[in-house]
Amino acid sequence: MKCYELQGPSGIDGLALVDKPAPEPGDGQVLVRLRAATLNYRDLITVKGGYGTRQKFPLVPVSDGAGVVERVGPGVREFAAGDRVIGSFFEGWIGGEPSEAKMRSALGGAVDGVLSEYRVFPKHALVRTPEHLSDIEAAALPCAGLTAWSAIVKLGGVKPGQTVLTQGTGGVSLFAVQFAKMCGARVIATSSSDAKIERLKQLGADFTLNYKTAPDWGKKAREWSGQGVDLVVEVGGVGTLNESIRATRIGGTIAFIGVLAGPPPSDLRLPLMVMQQQRLQGVTVGSVEDLQAMVDAITTNGMKPVIDRTFNFDQTKDAFAHMESGAHFGKVAIEIG
């Protein structure tokens with residue numbers, strides 16, 4: 001089989017297409033012929049060596065993949081050859097609360113990922129692909145989709161009539177818009193591009209802000225929502241946290257996910273967060289049970305992920321470069337075979 005491998009933190013150019021023997025499924029394992037993968041910002045950090053000495057090398061990168069069962073190992077009754085499946089981000093986190101042991105099983109980081117023609121999965125780490133989704137669409141779900149689901153539904157507990165603020169037009173943010181609308185919430189969405197803002201409106205955003213022309217977007221979001229928003233899906237990190245605190249109502253929640261916006265400002269408004277009794281909730285994907293719950297909701301609602309662009313397997317480096325450019329709206333996908 002062919003797969004991409006990182007020998008060290010040498011950046012996008014360090015991705016090498018190599019030949020390896022196809023694996024065989026053992027007891028309780030399933031061999032999947034991967035058809036598609038999608039990229040997350042975390043994959044770009046991994047390729048660039050952003051996780052330092054914690055990073056395993058050599059490594060097959062990328063966490064999010066979908067494909068078709070090739071064959072199953074002894075003791076597997078849940079799946080059969082030909083079944084379409086999605087792999088969970090954390091293979092070892094089946095359910096319950098997270099733990100250090102469970103989170104050591106992250107694909108494309110702690111263990112080899114899905115940028116490969118074949119991969120063996122433990123049977124408990126797979127869920128069936130919704131019939132209305134293509135393999136490329138299904139490959140958007142394990143990290144970006146489930147992170148947004150955890151922020152909005154599982155941890156955020158968003159209810160009809162509440163207001164959610166999302167930042168930008170990456171995979172997590174667009175999923176967050178879709179899940180918030182699915183829950184009956186109003187959505188405020190931000191972007192630096194007027195063209196992307198028009199697409200956010202088409203996706204269901206009720207109020208939009210260009211954060212380049214309105215750097216005080218937190219204040220404007222608070223004014224539009226009345227008393228402040230119930231939940232902010234914070235993908236910028238500490239660099240945008242001040243405006244998120246400003247936007248959030250007393251007793252509201254900031255779902256803290258990303259690190260896209262750089263270092264913190266010198267006047268970080270943490271005292272305001274304390275005075276307003278806001279909650280800062282870290283979000284790191286979710287369990288296999290969470291993935292199944294999200295897939296069930298997506299199936300029931302006929303929801304489809306937003307795919308920006310699809311690259312061929314031999315264009316993988318171009319796919320990473322496209323994501324790094326920030327030009328994408330939704331998920332950047334790779335068709336494996």
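Owing to the predicted nature of the structure, the values given are computational and were not obtained by experimental measurement.
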Between [X] and [Y], is there a donor-acceptor pair closer than 3.5 Å when you use the side chain of the first and the backbone of the second?
| X | Y | value |
| --- | --- | --- |
| Asp83 | Val69 | no |
| Ser150 | Val285 | yes |
| Ser325 | Ala327 | yes |
| Thr147 | Ala144 | no |
| Asp308 | Gly330 | no |
| Asp64 | Cys143 | yes |
| Thr300 | Ala297 | no |

Which heavy atom of [X] sits nearest a heavy atom of [Y], and at what distance?
| X | Y | value |
| --- | --- | --- |
| Pro25 | Gly73 | CB-N, 3.7 Å |
| Gln276 | Thr248 | NE2-O, 3.6 Å |
| Gly26 | Pro74 | O-CD, 3.7 Å |
| Leu200 | Ala189 | CD1-CB, 3.9 Å |
| Ala333 | Ile307 | CB-CG2, 4.2 Å |
| Met303 | Met182 | SD-CE, 3.5 Å |

Does NZ or CZ of Arg186 fall inside the cone over Trp224's six-membered ring, less than 6.0 Å from its centre and within 45° of the axis?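 Yes; both conditions hold, so Arg186 lies above the ring face of Trp224.
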With hydrophobic residues grouped by side-chain heavy-atom distances under 4.5 Å, do [X] and [Y] end up in a single group?
| X | Y | result |
| --- | --- | --- |
| Phe175 | Val233 | yes |
| Val18 | Val120 | no |
| Phe256 | Val177 | no |
| Met323 | Phe311 | yes |
| Leu231 | Ile257 | yes |

Less than 4.0 angstrom from a charged side-chain N to a carboxylate O is my criterion; do [X] and [Y] meet it?
| X | Y | result |
| --- | --- | --- |
| Glu223 | Lys220 | no |
| Asp112 | Arg119 | no |
| Lys201 | Asp206 | no |
| Glu5 | Lys20 | yes |
| Lys102 | Glu97 | no |
| Glu117 | Lys2 | no |

Quick one, [X] and [Y] - any side-chain contact, counting heavy atoms below 4.5 Å?
| X | Y | result |
| --- | --- | --- |
| Leu146 | Asp290 | yes |
| Ile298 | Met294 | yes |
| Glu243 | Arg246 | yes |
| Thr169 | Arg199 | no |
| Met1 | Pro23 | yes |
| Glu335 | Arg35 | no |
| Met273 | Ile254 | yes |
| Ile86 | Pro130 | yes |

Interatomic distance, [X] atom [atom1] to [Y] atom [atom2] [nearest 0.5 angstrom]:
| X | Y | atom1 | atom2 | answer |
| --- | --- | --- | --- | --- |
| Lys154 | Glu289 | NZ | CD | 8.5 Å |
| Lys331 | Leu141 | NZ | CG | 9.5 Å |
| Ser287 | Met103 | OG | CE | 11.0 Å |
| Phe320 | Leu115 | CZ | CG | 6.0 Å |
| Leu39 | Leu44 | CG | CG | 8.5 Å |
| His124 | Glu78 | NE2 | CD | 11.0 Å |

Report the C-alpha distance between Ser244 and Gln167 in whole Å, list the side-chain angles of each, state the deciding distance to 0.1 Å, and finish with yes or no for side chain to side chain donor-acceptor pair (under 3.5 Å). CA-CA 10 Å; Ser244 291; Gln167 301 172 343; 3.1 Å; yes
In a check of side chain to side chain contact (heavy atoms under 4.5 Å, CB included) between [X] and each of [options], which one passes?
| X | options | answer |
| --- | --- | --- |
| Arg269 | Leu241, Val274, Asn242 | Asn242 |
| Cys3 | Val60, Leu17, Leu34 | Val60 |
| Phe90 | Val288, Leu107, Thr284, Leu291 | Thr284 |

Stepwise, does the ring pair (Phe, Tyr, Trp, His ring centres under 6.0 Å) test hold for Tyr211 with Trp217? CA-CA 6 Å; Tyr211 61 79; Trp217 52 265; 7.4 Å; no
Would you please test Glu70 and Arg33 for salt bridge (charged side-chain N to carboxylate O under 4.0 Å, His left out) and show each step? CA-CA 6 Å; Glu70 184 82 4; Arg33 172 70 165 97; 5.6 Å; no
From CA spacing to verdict: side chain to side chain contact (heavy atoms under 4.5 Å, CB included), Val85, Val127: CA-CA 6 Å; Val85 292; Val127 302; over 6 Å; no
Is there a donor in the side chain of [X] and an acceptor in the side chain of [Y], or the other way round, less than 3.5 Å apart?
| X | Y | value |
| --- | --- | --- |
| Asp43 | Thr46 | no |
| Glu137 | Thr129 | no |
| Glu234 | Thr240 | yes |

Are Tyr118 and Val32 close enough, and set up right, to give a side chain to side chain contact (heavy atoms under 4.5 Å, CB included), and what steps lead you there? CA-CA 6 Å; Tyr118 292 92; Val32 176; over 6 Å; no
Could you walk me through whether Cys183 and Val153 satisfy the side chain to side chain contact (heavy atoms under 4.5 Å, CB included) test, starting with their C-alpha distance in whole Å, then the side-chain angles of each, then the deciding distance to 0.1 Å, before giving a yes or no? CA-CA 8 Å; Cys183 291; Val153 180; 3.9 Å; yes
Could you give me the CA-CA distance, side-chain angles and deciding distance for Glu324 and Lys317, then say whether salt bridge (charged side-chain N to carboxylate O under 4.0 Å, His left out) is met? CA-CA 11 Å; Glu324 186 177 33; Lys317 293 181 183 180; over 6 Å; no
Any chance you could lay out the side chain to side chain contact (heavy atoms under 4.5 Å, CB included) test for Val295 and Trp149, step after step, and finish with the verdict? CA-CA 10 Å; Val295 164; Trp149 173 266; over 6 Å; no
